[in-house]
Structures are given as structure tokens and as C-alpha cells.
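For ligands, and for the atoms within them, numbers begin at 1 and follow the listed sequence. For the numbers below, each heavy atom of this structure counts, side chains included, while hydrogens, waters and symmetry mates do not.
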Amino acid sequence: MQKILSIRTASILKKLKGGLVASCQPVDGGTLDHPKIVTAMAQAVISGGAVAVRIEGVENLKAVRQVITAPIIGIIKSDSNSSPVRITVFLDDVKKLVQAGADVVAYDATDRFRHDSRDEILKAILDAGVIAMADCSTLADCEKARDDGANIIGTTLSGYTRETEKNSRNPDFELIRQAKKLGVFVMAEGRFNTPELASRAIRAGADAVTVGTALTRLEIITARFAKSIHCANKKSKLNGFAVDLGGTKTAVAKIESGKIFNVIERKTIGTASYGTHLKLIAEMLSKLGYRKGDQLGVAVTGRVDEEGRWYAVNQSTLGKFSSAPLQTDLIKNIGPSSVINDALAATLAEHQLGSGEGHQNFAFITISTGVGGGLILNGRLHTDASGLPGHVGFSSSLFGNKLCNSGRYGTVESVASGNAIASAAAAIGYPDADARAVFKEANAGVAWAVELVDRSASAIAELTADLVTILGITKIAFGGSIGLADGYLDRIQKHLHAMPNLFQAQLVTADFAAHGPLMGALLNTNREKTDENTHFT
Ligand code: BMX
């Protein structure tokens, strides 16, 4: 619907077109959060080439208006316990912003519950004779805002609503492309943190780009640099060899400056003797050029106690021995090394160098041959002398209906793991389908396979909500061949989102993907020295 724009509206949109809008919003309550400083920021960004500014709060806006002739996009943020909507929530806000001198008023245009409806807010903005900018999260929001007469569509809230939070890592270029087709002025906004991302927004069809954090949130920008330097320092010290003996495969890697330099893999024979596992590890290491005395970290499926003794919890994954002095034997037969459970190792890697960095209450869950995990509580890896904590796969599942090979009845592992999926397939007449084959069928839409994969994801979603409820976990990274499989995280997300807000956590795939146990095994070799409690927020 092509609208006839007022001369004023058209002239402001012309000023914004093809330009950079700087959102001058210091960290709430930080030392820069003062109208004088916000004004100075606004002047500075205009001298740097911004064509307009986005300003939060009436006092800031009044102060900036006095010294700036460029267009101002005004918002008021309010926090409420009853609604997640924060941007220009009240009809009264619109009046205040217009009186303070805003040329454009931006409002939350998502369909989430709030005090005054988005329709009323938009009408109030348009009635006040200023430009309405709709901060949207999805294409549906954009379509609705366009139909209702908003002049600017912003991608501002993509990644910040429950529905879109899984896209919260990168800017939403797809939404820019889709919104552009609606024939309105599109403002790219949200995580355009580098000049390169901002120029990609224009290439994707945006009419203008708003950048906030990367320009005016000094604390956050500084923390990013500090974190990056900290990671680089840590990675540069990460040199040596790592072993990951998982339920399905055994991988051995040479790691240089935190990067996998070379890796070899063999199938894990679950029924092999302890001696055979040890021999295989030694052979693979020597193939990669390991020499006694090189830094060596070993991660294994199964429980590892504080003495480095190795036990199967699930007897069907490692069937041949009840326990073995792995750490002692590695040191004796191969060289100085440390041993840790595979999922705990991946948790360390994610927390120290990946998706969990800076998080105080974080979990990693691997869904693979088994279902394993690890917990970061109050910034530290939660372990004890037994080595059992973190084995979340052996907690009980709503969907459990058989004895797990750990000896517990109805565990998450007995429902959600690769072995469980394969045996459920066999039970309904598909004896040759392993988990990979079931996934292939499920992705092709075959009903029985969809049901099995979905049951697994649903059990993991319940586990996720339990971790949130019992431990206050706020972010969970998923790994393992099933955890990383196409579409699996979306399924977990769907089941979790069906639960009340209170039980939600941020869900992501593990940054180190399949290499988490290797990286974590090596990190574990100097765990005492590298403090996992270090965090930057
Ligand atoms: C099982 C358990 C965990 C392990 C997890 C994932 C055994 C032998 N293993 O829950 O210790 O972390 O599987 O490991 O009891 P995977 O590589 O075997 O899938």
C-alpha cells in the first residue's frame, strides 16, 4: 500500500536514507548515563557522519534536541514484571517524546502482551504528526505495521523475543530482505556491531542502519575486547594432544594455539577390553607425533572419579569392565596426562572459550550415543569426588518407560539418546535404522521417525526446564551428533516454548561443535591454573 507522505515525513526519510543512525544509549545506570554525556555522544556521532540519532528518555531527548538539528528517533524504555515489552509502552510516552522534540517515535511492534496496545500506540504517534518507526521481530510484525501505516519498519527486536531468540547471534539479514519486499522504509537495527555488518545490511536492502552498542556502550565494547584478548591468551597456551573416547568414536587431535591442527578418528568398540582401549589411544597418539612429556588431556564417556578411575554408568556403552585406573595407567604407559568425562570436558571448553563464557549458571548437554552433560554453577564447573554430577542423562524422564542400562528406570538417556532412538525404531519394526537413519527419515517428514526424534527433543526440553528450575541455569549449549543435528535444537526450543516464561533458558548449539571434548580435555590439563571462574560481563 503506497501512502502519500507529508512533506515533513518525506524530508526526514530522505535525510535518513542510505545513512547511519547512531543510537546513543549508555548502559542503564552506568557512569555515562547522564543527559550531558548523552548530548556529547550525540554531537560526536553526528560529527563522525551519523545522519540521525536514536535517544532514550525524555531528559536525554530534551538535552540533545537543544544542540542537534539532525532527526531524532525517540523512545522511552520501561521495565515491567507483567510484560517483556519495553520500548514506548504507554500512550503517555508518545506525548512526552513528541513534546521533547522527537521527529520519529519508535515503539515495540511485536504482538506481545503490554499495557497499551500496539495499535493504540501507533495511532497516537501518527495522530501527533510525527514519523512512526515500528520495532519488529518477525515478518508478521512488519506486515502488520506496514498495513497499519508505520513509516519505518525496524528489524530491532529480531533475536530479542521468545520466538526469535534462537537467531540472536547474528543480525537478521533475512528479515531485512523480506521486509524490503513490503515496499516500506526498512531500518536495519540489532547487532550491527561492525562496519562490515552494517554494509551487508545495505546490500540486503536496508534503507538505513542503526548502530547502538558498538558506538555508545563503552562498558560492553571494552568487555568484548578484554574477552577476546583473554581468549586469545588462553588459546595461545593451548598446545598439545587430546583424546576423546566417546560412545561411538574415538578421536585424537593435535592442538596448536587452541586450534585443531590434525585429528584422526576410529570407531569405538564398546565391548572392547580396557587394555584394547588403552592400546588404541597409544597408537593413535603416536600416529599424530605425540611424544612422552607432551601436554596430554583425555576425555572419556563414562564416570571419572577424582583419582582418575574410569567407570561405565551406562553398561551398554562400555560393557567390558566395571572400573579401571585410567589416569594411573595413562601416566605409566603413555605419559603425563589428566582424565575427565567427555561431557564435562566439553562444558569446560564452552565455558572458558565458547558459548558459556561469562555465564555464571550454564549447562552443556550432549545428545549422542548417550545423554551426558556438565554444569557451571556460580562460575565453576560442578564436580565432586565421585565424578557423577553433571550426568544429566541419568535423571528421570516423564517419557521414560524402560530400565536404562545405568540401572535406573526411565532415564532421559533411555528416551532421548542415539541408542534409545535406534532401539525404539527397532521395536516398531525398523531394526536396521540407527539414529542417523531415523533422523534422515524424520527430516524427510516420515511420521514414525518424526515421532521418535520429537520424543527425544521433548525429553530434552523437559530436562532443560528442570535445570532452570532446580539450578537456575540461564543458558544451555547442546552438542553430540544428535544435539547438533539439523532441526533438533528447533524441536527442543518448540517444546520449551510451550512452557511458561519462567522456565525458559537461552538455548544454543555448542561453539566447539564436535570438538568440545577434545578442547576441554586439553584445557583440563591445567584446570587448577586456568580459573574457570574468570568472567566478563
Ligand atoms: C552417558 C555416559 C556419560 C557420557 C554420556 C555422553 C557412560 C558410558 N556414558 O550418559 O558419562 O558423558 O553418555 O557420552 O555411562 P557418549 O559419547 O557416550 O554419547
Side-chain angles (χ1 to χ4, degrees), residues 242-252 265-274 277 281 298-305 308-324 326 339-350 363-375 381-384 386-397 400 403-408 410-423 434-436 456 459-460 463 477-485 488 510 512-521 524:
V243 175
D244 168 22
L245 191 160
T248 309
K249 63 173 175 36
T250 300
V252 175
E265 290 181 1
R266 300 278 182 277
K267 194 171 162 17
T268 300
I269 312 291
T271 50
S273 68
Y274 170 62
H277 288 304
I281 292 174
V298 176
V300 289
T301 183
R303 177 167 72 89
V304 178
D305 71 14
R309 264 196 101 78
W310 184 24
Y311 311 75
V313 185
N314 188 326
Q315 304 283 334
S316 70
T317 307
L318 288 173
K320 260 291 168 67
F321 57 93
S322 58
S323 97
L326 181 58
V339 188
I340 185 171
N341 164 266
D342 55 358
L344 286 188
T347 309
L348 267 185
E350 291 300 317
F364 166 82
I365 301 177
T366 170
I367 305 107
S368 184
T369 316
V371 173
L375 304 166
L381 184 69
H382 184 58
T383 47
D384 73 359
S386 77
L388 184 64
H391 275 82
V392 292
F394 301 116
S395 60
S396 144
S397 172
L403 190 67
C404 167
N405 286 310
S406 61
R408 270 203 90 187
T411 60
V412 173
E413 180 154 313
S414 72
V415 177
S417 67
N419 277 347
I421 292 175
S423 76
D434 60 8
R436 189 185 292 270
S456 161
I460 298 296
L463 169 63
F478 293 90
S481 50
I482 291 175
L484 297 168
Y488 189 76
F512 285 103
H515 290 150
L518 288 168
M519 214 53 99
N524 183 49

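No more than 12 heavy-atom neighbours from other residues, nucleotides or ligands sit within 6.0 angstrom of CZ on Arg436.
Of the possible polar contacts, one joining the Asn341 side chain to the Gly302 backbone as a donor-acceptor pair under 3.5 Å is found. Judged by distance alone, the side chain of Asp342 and the main-chain N or O of Ala345 form no donor-acceptor pair under 3.5 Å. Panel note: side chain Thr366, backbone Val371; no donor-acceptor pair is recorded below 3.5 Å.
Donor-acceptor pairing under 3.5 Å is recorded for the side chains of Arg309 and Ser323. In summary, the side chains of Thr248 and Thr369 do present a donor paired with an acceptor at a separation below 3.5 Å, with no hydrogens or angles considered.
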Can you list every pair where an N/O of ligand 1 is under 3.5 Å from an N/O on the protein?
residue, atom, partner, partner atom, Å
ligand 1, 9 (N), Thr301, OG1, 2.9
ligand 1, 9 (N), Gly302, N, 3.3
ligand 1, 10 (O), Val371, O, 3.0
ligand 1, 10 (O), Glu413, OE1, 2.4
ligand 1, 11 (O), Gly302, N, 2.8
ligand 1, 11 (O), Gly302, O, 3.4
ligand 1, 11 (O), Asn341, ND2, 2.9
ligand 1, 11 (O), His391, NE2, 2.8
ligand 1, 12 (O), Asn341, ND2, 3.1
ligand 1, 12 (O), Asp342, OD1, 2.6
ligand 1, 14 (O), Thr301, OG1, 3.3
ligand 1, 14 (O), Asp342, OD2, 3.0
ligand 1, 15 (O), Val313, N, 3.0
ligand 1, 15 (O), Asn314, N, 2.7
ligand 1, 17 (O), Gly247, N, 3.0
ligand 1, 17 (O), Asp342, OD2, 3.1
ligand 1, 18 (O), Gly247, N, 3.1
ligand 1, 18 (O), Thr301, OG1, 2.7
ligand 1, 19 (O), Thr369, N, 3.1
ligand 1, 19 (O), Gly370, N, 2.9

